[in-house]
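A short write-up of the structure that comes next.
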Amino acid sequence: MSKLERHLARIRPTLRSLDPRRDRKHGLVRLGVAACVALTAALGPVYWVKAVDRLGDDAATNASANYDDREFGGGNSLVVDKNALYEARGLIPEDEPYRVVAGPGVDGATELTEPHIGEYARYFLMPRRPDPDARWVLCYGCDLSAFGDELEVVWRDELGIAIGRLRE
Amino acid sequence: MTARALLGLAVANVLVLGTGSCLLWGARGLRSWVDLARLSGFAYLLGVAALGVALSLELVVGVPFGLATIVLTCVALGLAGLVAGRMLGRTRPSRGRGQGRGLGLVAASYAVLVVVYLESLFRAGRLASLSNWDGWAFWIPKAKAIYFFGELDDQLFRELANPTYPPLVPALEAAAFHAMGSADVVTLHVQFWFFLTGFVAAVAGLLAPRVPAALLWPVLLLVLVAPRVVSRTLEPQADFLLDYFFALAALLVALWLVEREPWQLACASLLLAGAILTKREGQLLAACVVVAALAASWGTRRSAWPRIALAAGSALALAVPWRIWFGSRDLTGELPESGLLGLFDHLDRPWPALRSVVAALVDYDLWLLVLPLAAAAIVLALVGGARILPVYAVLVYGLATAGFVWVLWSFTELELPFVQDEGVNPIVRLCGSLVVLSAALVPLLLDAAWRGADRAEREVA
């Protein structure tokens, strides 16, 4: 018996069980199962190639980003100056609260910046807690003159972002 | 991302695997070390569920959260499994091969594809940025708060979106931060890779001795390469972990319906508790599993229903402390603003809601043909002569779909027809649970269709 004949002999009972002429109902059901398996077996490897390809591209893109970009992630769509939040991390002690005062005066702001910068700062600056009465102020395009002389600005950039501390 | 963070995460997950293995030995017994290796993925996710539930309960009652708490909780859970095993007379795993059959050609080929896929996913995930909105808006802030403050922070939970979402995922993420040595939101994606890998191994391990490889592996691969699974499964939020718990619990209940092994229902109960404490949608999905199990076991209700009720009650009981916690703090958002019956004031919504849900379920660009395949498998199993499995499956899928429609119908702030980017679309997320479920149930259904009987009927025959 040749190798091919041996293989055919092995799968012949399975093929026979698919034959609707032997047992119409079960034959049709088994044909249906075989069709499902065939479709799945054909589709899976095609999309496996696409998935592995895509994941390879993602890995390359992620590897080429620096740590700041990775850490900011979704914040890239609303944070204008990453340095401001890093400065805030450096300047505001971990056990002191802060407040974010957002306004329209940030150069390069997106439509997401003003409504969501407070939310993002809470995520980014934790364990520092937000508090509307905090001495530390992260001014994101706000009107600094509203604080008068009470606010000591300790850092600012050219885009309209400042970090300050209210005098006691 | 540092080697130290990755190593810490790996050690922590080995600890969880050890915990789950002890629990599995206690609940089921393990005949051999090969048996343990085959079920290691399942043991791991059992450990994840047990640890997540335990940490959630500890946070609710005010146990300070830290590395020592995590390690001691794992040790306590592992010891509980060992004590239960001794009391139930479990024997030590033998060194023999047990009843393992080894991998055939089909299984080995597909296993290689799955391993390569998981490796690619790992490479993409280990340096991924935290870009999803829900991740940085409330999941990670909750996790960071638990990590930094060692407790559930009332003020923070009140201020963040979805304050009534349970703390299981933030607790596990905070545990991962401790394992990594810092709140490293980049390497955190690798933790979700462990969850996915555990789920794949769990499904393969549970089903390999029960269904032919040709029915198991192609379906499993098809679910893994569905575009939405590829792109979202490592996002550090609760959706996919909920899906894994739900799918495994539903699979175990399906196996219990035809095999009646007590360990299957016991483990399903723990996984359902995990699902309920992962996301509020977990309650809906758990209810679907329980109702479907009750209906599918109608013929044996005198013996089956008390056991199902006990399993469901145990799962619910584990979630009660969290409900008391958020209820006592007047945190809201669990139910639609219109209340449970307010949906009848909006009878123009169910039809467009149904259309939106069905469109999301069969979206080829998200899920390929997974759900049409599940529907075909159910029909084939029914026509083929099986009863318990297809009835159970059709009820789980049907009730869950009805539940998703209810969500869209009753949350009237959602505009219908519901069109939203898939990244933040809550209905697409819900549909993911049925797609992941299909990886576990479709092979069983196709097997039942092929044989023309549920397993129990076949054995009787």
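These figures come from a predicted structure and were not determined experimentally. Order of the sequence lines fixes the chain letters, A, B, ..., with proteins taken first and strands second; residue numbering starts at 1 for each chain.
With a 4.5 Å cut-off on non-hydrogen atoms, A:L112 touches chain B through its side chain but not through its backbone. Using a 4.5 Å cut-off between heavy atoms, B:L156 contacts chain A through its side chain alone, with no backbone atom that close. Both the backbone and the side chain of B:L113 come within contact range of chain A, judged by heavy atoms closer than 4.5 Å. No part of B:A381 comes within reach of chain A, as not one of its non-hydrogen atoms sits under 4.5 angstrom from that chain. Of the atoms belonging to B:W136, heavy atoms from both backbone and side chain fall under 4.5 Å from chain A. At a 4.5 Å heavy-atom cutoff, the contact between A:Y120 and chain B is made by backbone and side-chain atoms alike. For B:L130, the parts sitting under 4.5 Å from any heavy atom of chain A are the backbone and the side chain alike. For A:D69, the part sitting under 4.5 Å from any heavy atom of chain B is the backbone (N, CA, C, O) and nothing else. With a 4.5 Å cut-off on non-hydrogen atoms, B:E159 touches chain A through its backbone and its side chain both.
Aromatic ring centroids of B:F138 and B:Y165 lie under 6.0 Å apart.
Salt bridge present: A:E152 and A:R165 bring a charged side-chain N and a carboxylate O closer than 4.0 Å.
Of the listed residues (A:R54, A:K50, A:E71), the greatest number of heavy-atom pairs within a distance under 4.5 Å of chain B belongs to A:R54. Here A:R129 is the residue among A:E119, A:R129, A:R122 with the most heavy-atom pairs under 4.5 Å with chain B. With respect to chain A, the highest number of heavy-atom pairs below 4.5 Å among B:R123, B:K144, B:E119 belongs to B:K144. In terms of heavy-atom pairs under 4.5 Å with chain A, the best-connected choice from B:V379, B:V442, B:V185 is B:V185. Of the residues considered (B:D153, B:L224, B:L215), B:D153 shows the highest number of contacts with chain A, using heavy-atom pairs under 4.5 Å.
Taking CG of B:L152 as the reference point, atom CZ of B:F157 lies at 5.0 Å (rounded to 0.5 Å).
Aromatic ring orientation, B:F65 versus B:H178: tilted (interplanar angle from 30° to 60°).
The ring pair (Phe, Tyr, Trp, His ring centres under 6.0 Å) test with A:F72 singles out one residue from A:F124, A:Y67, A:Y123, and that residue is A:F124.
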Exercise. Should B:Y117 and B:Y110 be marked as a ring pair (Phe, Tyr, Trp, His ring centres under 6.0 Å) after you check the CA-CA gap, both sets of side-chain angles, and the distance that decides it?
Worked result: CA-CA 10 Å; B:Y117 169 85; B:Y110 273 90; over 10 Å; no
Problem set entry | Derivation of the side-chain contact (heavy atoms from CB on, under 4.5 Å) call for A:R99 and A:L138 | CA-CA 6 Å; A:R99 65 174 111 167; A:L138 173 58; over 6 Å; no
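Inter-residue side-chain proximity for B:Y397 and B:S438 is flagged as met; some heavy-atom pair is nearer than 4.5 Å.
The two residues B:A5 and B:M180 have their closest heavy-atom pair at O-CG, 3.5 Å.
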